[in-house]
Number of protein chains: 4
Amino acid sequence: MNVGLIGAGRIGRIHAGNISRHIPQARLTRVVDVAPAAAEWARELGIPRVGTDVHDILGDPGINAVVICSSTSTHADLVVKAAENGKHIFCEKPLDTSPQGARRAIAAAEKAGVRLQVGFNRRFDHNFARVRELVKAGAVGRPHIVRITSRDPAPPSAEYVKVSGGIFLDMTIHDFDMARFLSGAEVTEVFARGAVLVDPAIGAAGDVDTAIITLTFDNGCLGVIDNSRSAAYGYDQRVEVFGSAGSASCSNDTPTSVSLATKQSVSGDTPLYFFLERYRQAFIDEMTAFVEAVRTSGPVPVGGNDGLQALLIALAAGRSLKEGRPVRLDEVKG
Amino acid sequence: MNVGLIGAGRIGRIHAGNISRHIPQARLTRVVDVAPAAAEWARELGIPRVGTDVHDILGDPGINAVVICSSTSTHADLVVKAAENGKHIFCEKPLDTSPQGARRAIAAAEKAGVRLQVGFNRRFDHNFARVRELVKAGAVGRPHIVRITSRDPAPPSAEYVKVSGGIFLDMTIHDFDMARFLSGAEVTEVFARGAVLVDPAIGAAGDVDTAIITLTFDNGCLGVIDNSRSAAYGYDQRVEVFGSAGSASCSNDTPTSVSLATKQSVSGDTPLYFFLERYRQAFIDEMTAFVEAVRTSGPVPVGGNDGLQALLIALAAGRSLKEGRPVRLDEVKG
Amino acid sequence: MNVGLIGAGRIGRIHAGNISRHIPQARLTRVVDVAPAAAEWARELGIPRVGTDVHDILGDPGINAVVICSSTSTHADLVVKAAENGKHIFCEKPLDTSPQGARRAIAAAEKAGVRLQVGFNRRFDHNFARVRELVKAGAVGRPHIVRITSRDPAPPSAEYVKVSGGIFLDMTIHDFDMARFLSGAEVTEVFARGAVLVDPAIGAAGDVDTAIITLTFDNGCLGVIDNSRSAAYGYDQRVEVFGSAGSASCSNDTPTSVSLATKQSVSGDTPLYFFLERYRQAFIDEMTAFVEAVRTSGPVPVGGNDGLQALLIALAAGRSLKEGRPVRLDEVKG
Amino acid sequence: MNVGLIGAGRIGRIHAGNISRHIPQARLTRVVDVAPAAAEWARELGIPRVGTDVHDILGDPGINAVVICSSTSTHADLVVKAAENGKHIFCEKPLDTSPQGARRAIAAAEKAGVRLQVGFNRRFDHNFARVRELVKAGAVGRPHIVRITSRDPAPPSAEYVKVSGGIFLDMTIHDFDMARFLSGAEVTEVFARGAVLVDPAIGAAGDVDTAIITLTFDNGCLGVIDNSRSAAYGYDQRVEVFGSAGSASCSNDTPTSVSLATKQSVSGDTPLYFFLERYRQAFIDEMTAFVEAVRTSGPVPVGGNDGLQALLIALAAGRSLKEGRPVRLDEVKG
């Protein structure tokens with residue numbers, strides 16, 4: 001199975017490295033990036049063909065699947081074109097910033113009969129996957145409250161914030177997907193409160209850096225997400241599903257389990273610093289799952305509709321924040 | 001210092017026992033309760049005088065202070081009368097179910113120059129008090145998010161729910177006070193979402209049993225509380241204050257620290273079962289603090305305004321739940 | 001039930017306070033101490049009669065039980081005399097420093113038909129008692145290894161060390177009893193290695209301040225104790241019983257469960273400082289159990305033979321340290 | 001840098017896979033194994049040349065380094081021959097079962113001026129390495145007690161036990177090295193007590209399956225190791241260094257950090273099952289360090305003398321167990 005990669009930025013290089021080193025069933029044969037500088041990196045990784053024209057990949061009949069890691073605004077169009085060229089597709093989140101675009105991408109993949117997987121890597125995290133397993137097995141009974149803490153170690157630049165689509169589309173979208181994944185239910189309403197407490201420049205860019213989001217699910221369950229762009233102690237990624245029979249939760253991963261007891265305190269490691277460290281294996285596992293789905297013609301673990309639903313929740317959260325009221329998902333479904 | 005106790009129900013008996021056994025600086029000399037049956041219990045505890053008429057206490061010149069543990073509807077009137085009789089007052093929460101009543105009680109105590117302490121015992125919990133200390137000392141920097149989990153082990157009867165004033169006045173009011181205590185800031189707006197997931201009878205009684213409440217503080221900080229009337233594993237009482245420099249949090253207390261590792265799992269104790277176990281020492285410490293405030297003519301640690309503010313937040317939460325929108329505290333201040 | 005207390009030093013005052021405040025079934029009616037200064041303390045506690053002559057207690061027909069907290073060298077004689085006077089006896093550890101003395105005490109109590117309980121308070125610690133329960137219930141299967149860590153927060157003075165009988169009789173004797181308690185088996189052989197690493201003055205006094213002791217039990221199980229006179233982070237008291245089906249262990253108790261996460265580390269409390277804090281409730285519970293045993297004519301939970309066996313292990317450890325070889329208990333049984 | 005591997009059993013295959021997948025600076029060009037069946041496995045891994053004759057490797061001038069994973073009895077001879085052929089050497093533990101053999105191997109490597117690294121992989125474990133760092137940095141002050149718990153999840157077969165050299169040479173030798181590594185000191189005396197509690201067949205084979213070993217170090221520090229061949233809950237690998245200023249310790253690694261709270265208990269994962277899981281990264285890191293030492297002509301992190309010292313401690317432990325007395329290392333140095 002030959003794979004082409006579009007977009008050799010930070011996340012693209014992670015996927016490229018993982019395919020090359022950890023997934024013997026797939027071969028990364030082409031990389032394209034708008035920046036010619038990416039070529040050098042790709043050649044070092046031993047990728048045979050490198051270019052700047054996306055048609056080199058889309059038009060290559062030897063390529064079975066594409067991994068789309070270019071900027072968000074290009075996602076939907078690339079998915080459509082890839083589908084039209086019969087390629088299976090792994091697309092980074094979000095599918096698009098509009099429900100229309102996301103639906104267009106989904107429809108194209110369906111029409112072409114190709115696999116479309118969306119890059120919600122956190123579903124493959126060992127801790128979160130285990131919580132989901134326990135929930136699915138009924139260990140916590142019927143879910144009542146889904147609680148997600150998701151805090152980045154350091155805020156992005158104001159420049160990045162301006163083009164990011166806002167915290168809900170850029171950062172919380174992972175948590176929205178996690179809420180659906182953990183509960184096994186659909187979100188029907190969102191209420192979001194936000195604040196600018198970390199960096200005034202984020203506020204000046206029209207965004208917030210701290211947020212609390214309340215979710216209502218179609219099965220009656222409630223959810224709550226708390227976000228911050230800046231946790232002094234590192235990447236804080238914890239979830240809990242509380243239900244009628246108990247609660248499943250996880251703490252952060254740390255570099256070591258070492259504890260130092262002194263006259264002052266008993267202290268241990270802070271969490272793994274950021275997503276590259278925390279989700280290292282999850283990135284490998286999501287791509288392995290994609291490759292397996294293509295190879296075996298099986299279902300992808302995270303499909304187009306998952307991308308669409310998370311997008312709708314993010315849009316509802318954005319409107320809730322702006323209008324100061326709870327927003328139903330059917331108000332934003334376009 | 002001689003103390004009279006009004007209302008010998010569950011909480012009244014806890015305070016009576018604590019004064020008798022743990023606070024040598026105070027002597028419980030009279031108990032009154034509307035139910036004559038309380039007399040037997042009081043005599044067993046060695047309390048000299050027991051009766052059913054509140055004026056036996058209010059009119060006794062040898063009594064310096066009263067502890068009011070009667071039903072909520074009587075609190076404000078009793079505070080006013082006790083103040084008029086020159087007694088210092090410890091009053092169980094809530095002060096009243098209306099801002100007007102609470103203000104009347106506060107004004108009476110101020111006018112009479114007597115101490116008025118409200119029974120927010122959780123401020124004296126070793127874990128929460130330590131989190132507050134760390135916040136106050138600047139260990140977490142400027143607070144950004146206050147997060148409170150507060151879940152009871154088992155739901156009350158539907159009969160109790162009907163007369164309780166609802167979950168926010170009965171249960172969450174402690175968490176509202178905790179949010180103010182931990183953050184050192186005032187709440188300005190509340191959004192509440194609730195659900196009936198534990199017991200349909202609670203819904204039939206017009207209440208919810210599961211809730212997520214978002215708080216906005218006057219210093220920009222955000223807060224979130226999650227409540228359930230039924231946690232299978234016992235009383236779940238955890239708080240976190242997340243700020244610019246880090247995060248202070250606590251886990252539940254357990255009967256022992258013992259861990260059992262077997263082929264299946266590594267397991268430990270569930271939390272202490274309910275508030276009598278978890279807050280045993282906190283009940284002693286709040287009463288000791290009240291006795292000290294009276295003895296030394298010092299300030300009480302939890303005053304009438306603390307009772308009023310928590311009430312206002314509870315009322316705003318109730319309206320938010322009913323009207324499906326965020327409610328500002330000035331909408332309910334009466 | 002009336003109790004007389006002999007020896008109003010540190011431990012004597014703990015027992016006196018516990019009987020007065022926490023055990024309504026018993027009344028502390030007399031205290032004697034060789035130092036007249038103890039009288040003032042006793043009067044403040046409200047004890048009716050205070051003196052310096054032990055016969056005031058032994059000869060008082062109104063006293064049912066004595067609590068012996070005087071210096072070790074007086075224990076055996078006092079037990080014998082108390083027994084001859086028909087008093088039930090709670091005696092601090094060790095019963096005596098020689099097997100002969102301990103046996104004489106035990107025989108006297110048996111002959112007189114009075115209860116004799118030895119002050120191994122740690123059996124009443126909530127954590128250790130729970131580990132024992134699990135072992136007894138078969139949760140770890142057949143015990144293979146008993147592991148005890150027992151470290152004091154600060155070394156005693158060299159003066160104290162000189163008269164203490166050495167670390168094994170003074171400090172480790174509690175751990176020897178714990179090893180028997182946890183395993184439910186008898187020690188047959190001891191190997192001890194010691195070092196002077198904390199304070200050269202302890203070495204000059206002929207003792208060690210750091211030790212590792214290996215125990216062999218009559219059921220084939222092995223045990224190991226590590227001791228230090230100085231743990232910078234406070235009182236370190238942990239046990240583990242490892243068996244064919246798993247392992248039960250406990251960690252230290254701490255003042256709070258609060259955790260502070262900062263850029264540097266995630267830190268929490270050090271253990272409760274010393275035995276007064278850690279074993280506060282255990283001291284109450286052992287005395288309550290003694291009072292109950294006397295009141296109900298039931299068996300005491302820690303009897304004379306328990307005192308004798310721990311003493312024999314301590315003597316074997318001392319000889320092992322001196323002679324550099326494992327020592328069987330029958331070599332020291334006198 | 002080209003590497004040849006001798007012995008393609010379980011551990012040999014781990015090293016081969018790690019070199020192939022994780023160490024781009026080295027190339028595994030030849031594998032030899034006495035069993036022809038190993039050839040198929042090696043060809044699947046893409047190793048160019050596979051055979052049964054060790055001279056194919058030793059005589060190949062294109063090979064810079066050898067990795068010796070054959071049976072223990074062949075180690076010393078192969079080290080000598082590899083050194084004489086100018087190859088750098090990574091040799092699995094133990095170097096030999098006799099001090100003479102180990103010294104012969106060390107001398108040959110020194111004479112030839114080649115690197116000789118011994119396979120004490122645990123020094124590269126993230127937890128143990130961090131404890132060592134803290135000790136080295138003085139965080140615990142002067143070490144007083146080194147405590148190591150090392151328990152396997154399941155016992156080996158009696159057939160394996162018969163040829164293993166006994167528990168101390170086969171299993172505890174890693175802990176002996178760890179004791180030296182953590183303390184930074186040399187062991188001078190050993191006392192070992194063992195028992196057959198897991199499997200009578202191990203006793204019939206002349207070995208023990210449970211052991212407590214006390215170590216005395218040349219700096220006065222004491223050490224204790226507890227071993228079992230069968231921990232029901234999985235691989236138990238914990239260390240603690242307790243010193244004058246505090247204590248550094250680690251707990252086991254687990255598959256996830258997930259905790260499940262139910263009416264019965266709060267439970268979490270058992271440790272990673274065995275050494276392949278727990279030390280997966282450590283195996284990669286030790287080989288990477290070897291390759292780096294060869295490439296940069298730097299010192300190896302675990303040298304021949306480390307292999308010799310651990311062997312001497314193991315021999316002393318064996319004699320101590322047999323003779324029932326502490327044994328000094330100079331009694332076994334041959």
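Proteins get letters first, then strands, A, B, ... in listed order; numbering begins at 1 in each. Being a predicted model, the structure only gives us computed values, none of them experimental. All heavy atoms count here, side chains included; hydrogens, waters and symmetry mates do not.
Side-chain contact between C:F191 and D:R193 is absent, with no heavy atoms from C-beta onward closer than 4.5 Å. Considering only heavy atoms from C-beta on, D:R147 stays 4.5 Å or farther from C:I212 through its side chain.
The nearest pair of heavy atoms linking C:H144 to D:T210 is O-CG2, 4.2 Å. Pairing each heavy atom of C:F242 with each of D:S230, the nearest pair is CZ-O, 3.3 Å.
Taking the charged nitrogens against the carboxylate oxygens, D:E240 and C:R238 do have a contact shorter than 4.0 Å, which makes a salt bridge.
Per-residue counts of heavy-atom pairs under 4.5 Å with chain D were compared for C:C221, C:G234, C:S244, C:A232; the largest is that of C:A232. In terms of heavy-atom pairs under 4.5 angstrom with chain C, the leader among D:A245, D:S247, D:A195 is D:S247. Residue with the most contacts toward chain D among C:D236, C:T214, C:L222: C:L222 (heavy-atom pairs, distance under 4.5 Å).
Residue contact with chain C, scored on non-hydrogen atoms closer than 4.5 Å, involves the backbone and the side chain of D:L197 alike.
In this structure, C:R280 places its CZ atom where only 12 or fewer heavy-atom neighbours from other residues, nucleotides or ligands lie under 6.0 Å away.
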